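Throughout, protein chains are lettered first and strands after them, A, B, ... in sequence-line order, and every chain is numbered starting at 1. Values in this document were obtained by computation on a predicted structure and should not be read as measured data.
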2 protein chains.
Amino acid sequence: MVTLAEVARHAGVSASTVSYVLSGKRSISAATRERVEQSIRELGYHPNAGARALASSRSNIIALMMPLRTDMYVPVMMEIALAVATTARAHDHDVLLLTGEEGPEAVRRVVGSGLADAMILMDVELDDARLPLLRDTGRPAVLIGIPADPSGLTCVDLDFTATGALCVEHLAELGHRDIAVVGEAAAVYERHTGFAERTRDGLRARAAELGVRLLHRPCEGSYAAMAGTLSRILDERPGTTGFVVQNEAAIDPLLSLLRQQGRAVPEDVSVVAICPDQVAVQASVRLTSVAIPAHEMGRRAVELVMARVRGERGERLELLPPRLTVRASSGPAPAAR
Amino acid sequence: MVTLAEVARHAGVSASTVSYVLSGKRSISAATRERVEQSIRELGYHPNAGARALASSRSNIIALMMPLRTDMYVPVMMEIALAVATTARAHDHDVLLLTGEEGPEAVRRVVGSGLADAMILMDVELDDARLPLLRDTGRPAVLIGIPADPSGLTCVDLDFTATGALCVEHLAELGHRDIAVVGEAAAVYERHTGFAERTRDGLRARAAELGVRLLHRPCEGSYAAMAGTLSRILDERPGTTGFVVQNEAAIDPLLSLLRQQGRAVPEDVSVVAICPDQVAVQASVRLTSVAIPAHEMGRRAVELVMARVRGERGERLELLPPRLTVRASSGPAPAAR
DNA sequence: ATGGGTTGTCGAAGCGCTTCAACAGATGAT
DNA sequence: ATCATCTGTTGAAGCGCTTCGACAACCCAT
C-alpha cells in the first residue's frame, strides 16, 4: 500500500503538505499542489481510512439502519437506500448498512466505536426504542419517518396527512361520495409506524370536511386477502365508487378483482394509489397516484445529516409535499356523469 | 469516549492485557479476564474502529456492491443485502453499501484505502469491468452471479441452468408438449447478466432432450408488455399449454391476462415461475415455482468471503441446487387428461 | 537443587494520518 | 531601511489500538 509519506517523498515535500493538499485546510501554492497531485496519481495513492479516522476522529461514514422485514414496501426501502448511498458519495461519505435486528444496541456500538459519523434511521416507529439513545449521544442523526415525539431530532418524511387529504380531495372533486381505503397490513398499524396512521387521519379529516363517506380497512398484500377485503367493503358500502390503496402489494390484486367483477376502471370505479411512480405506470391500468418520493427522501436525509455533521444544530421536521398525478384510473363518479 | 487505556487503569492492568482479553489472542487468567470484562461493562467501552483498523490493518468491514438500477428483481436484491448484513454481523463484521454507479473505481478506492477487508459483488455481468481489478488486487472477494471467466474468483449463484431444466422437466412430466418462456426484459440479456442466459440454455437443452417445443421470449414487467408478448406467443404456438415465467414483474399480468382470456390455471394452462417463494404464494394462484434462494446466496457469499479473509485460497464456484415446489398453478396438460 | 517449558502480564514500538505551533521568506506600509 | 503581516511549508506530537519480545512466576522432570 502506498502511504502519504511515500507520496511526500516522491513529490519532495513534507507529509503535512500532502495532507493539506488533500484536505484543502491550508493554502498551498499552485506549483506544489500540482506536483503533489501528480505524485498521487502516479503512485495511485489512496489515504488509509483507518488512519484518517483515528487522526481526525471522523470516519466519513454514515450508518443507515434498515428494517429487517423483507415483506413490506420493499421497493421504497431499496430506492431510499440507493439514494442515500449515491448522495452520501457526493458528499465524500460512504454508507454502512445496519439491519434493524440489532436494535438499539447497534446505535450504541456504532456511536461508541466511532464507526460512523452520523446515522439515518428508516422505518421509525412512533415510540422507537432507539430514539432516547440517539437524543443523548448527540450524534448527528436523521429519521426517515416521524416518531410521536420528534423533539430534539431531525426528521424527513412525505407529508402523509396531506397525502391522505389529497387523495380524498381528488376523488371528491370527481363526484365520488363513497370512498374505501385499502390500507397497509394490520401489522403495520400495530407496530405504530406513523405513516400509516397519519395517512388514515388525513383521509378521515378531509372526508369529514368534504362530507364524503369513508371506509378504512387494513389489508395484506396477497390476492386472497384483497379478495376478502373487497367483498367485505362492497357488502358494507355497495355504493362505493372510489378506492384509495396504500398497500402497494394490494394494487394488482384489486385491479384484477374489479375487472373480474365487471367493474370498469375508471368508468365504474376510480382508484388512487399511494406508491412509487414506477409501480403506478406498470399496473394494468395506469394509476392516478400520489408518488412516494423515495429518492428525494433519501437524498434529503443525507443532506440534513451532513449539515449536522458540519455543526448545524437544532431540531427540524421536514415534510415533503405530496404530488398527485392523474393517470387513467380515476374519473367522474358514475352518478355524477 | 472511553479508551482502552482507561479500561486498563480501571481494571488495574496494562493496555495490552485488555487488548488480549478482547481479542483472545493470548491466554489470560480467568480472574484477570473477569476483572477486565467488568471494567468494560462498567465504563461502557467500545473499541475505536479507526484505531483498531490502523493497528491491525483489518477494518472488519465487508463491502457490498449493489446495482443502482432500481427496476429489476428488487426484492431479491434486497433480501440478499439483508442476508449479507445479518450474516456479516454474526462474523463480527459490518457491511458497507456501494452502488454500482462508481464502477471499477469503487473497487480501487475501497481496496486502496483499506476501508473494507473484502468485497461481495452482486449482479455480475458476463464480462464485468470490475473483475480484472479484483483478480489482481488479490483482496478477498465473492461474486453473486457467474462471469464468463470465473478463474481465480469465488462465485455463488443459484444453478440457473439446472433451474431451467427443472422447469421444463416438471411441465414435460405433466404432459405439456408446447412450452412458452416469459424471460427477463430484453435489457437484461443485452447486459449479458449470466443468469438469464444460463436459464434459457438450461430450458432449451432439456426441452431438446425431452422432445418438447419451446418458445423463449424476453418480456418487460408491465401489463402492456405482457399482453403483447402473450398474444404473440399464442399466435405462433396456439397449442401452448405450459408457461415458465422468469420476470417476476410479469407474473401478475400473465395470470390476469390468462384469466381474462378464459384460460384456467392449471386446468387449461400450467404456469411455473422462477421467483422468491414469497412472491409465489402471494399471487392470485399459488404458483408452482423454483425458489430464488436469496437469503442463502447472501449467507453463503459472506461465509465464503470470510473464509478467504481467514486466509483460505483457491478459486471456487458454488452452485446452489434449484428446488421446485409444486403449488396450485401446474397440472396435467389438457390433451393428456 | 537445577534446568527447561509453560503461563500470564507488561512495556514499547508503530500503524498512517491530522493538526498545531513555529518558522522562513516574500510583501506591503511606514 | 524597519517592522508588521501574510503565505507557504515543515517537524513533531499524538490519535487508540495491536503485537512483538521480554520477563517474572510457576510447573514438572531430572
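- Checking Tyr45(B) against Ser29(A), the closest nucleotide of DNA chain D that is more toward the 5' end is the one next to Ser29(A).
- For Asp127(B), the CG atom counts as loosely surrounded, since its 6.0 Å shell holds 12 or fewer non-hydrogen atoms of other residues, nucleotides or ligands.
- Backbone-only contact: Ile28(B) has heavy atoms under 4.0 Å from sugar-phosphate atoms and none from a base.
- Note that the first and last nucleotides of DNA chain C, 5' to 3', having any atom under 4.0 angstrom from a heavy atom of chain A are dG16(C) to dA22(C).
- The nearest heavy atom of DNA chain D to Arg35(A) and to Ser56(B) marks one nucleotide each, and the one closer to the 5' end goes with Arg35(A).
- Every residue meeting the ring pair (Phe, Tyr, Trp, His ring centres under 6.0 Å) condition with Phe195(B), not counting sequence neighbours, appears here in chain and number order: Tyr73(B), Phe160(B).
- Rounding to the nearest 0.5 angstrom, the gap separating the OG1 atom in Thr86(B) from the CG atom in Leu98(A) is 10.5 Å.
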Show me the side-chain donor-acceptor pairs of residues 61-68 of chain B shorter than 3.5 Å, one per line, residues at least two apart or across chains.
none

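- Ion pairing between Arg41(A) and Glu34(A) holds under the 4.0 Å rule for side-chain N and carboxylate O.
- A donor-acceptor pair is defined here as one N or O able to donate and one able to accept, closer than 3.5 Å; such a pair exists between the side chain of Thr137(B) and the backbone of Leu134(B).
- Between its two ends, the helix from dG5(C)-dC26(D) to dT30(C)-dA1(D) turns its axis by 40°, counting five pairs per end and rounding to 10 degrees.
- Within 4.0 Å of Ser57(B), counting heavy atoms only, lies no atom of the nucleic acid at all.
- Each salt bridge (Lys or Arg N to Asp or Glu O under 4.0 Å) pair with one or both residues in residues 103-114 of chain B, not counting sequence neighbours, appears once here: Asp94(A)-Arg109(B), Glu102(B)-Arg109(B), Glu105(B)-Arg108(B).
- For the segment residues 6-27 of chain B, the set of residues with a heavy atom within less than 4.0 Å of an atom of DNA chain C comprises Val13(B), Ser14(B), Ser16(B), Thr17(B), Tyr20(B), Arg26(B), Ser27(B), in numerical order.
- Ion pairing between a basic and an acidic side chain is recognised when a charged N comes within 4.0 Å of a carboxylate O; Arg300(B) and Glu303(B) show such pairing.
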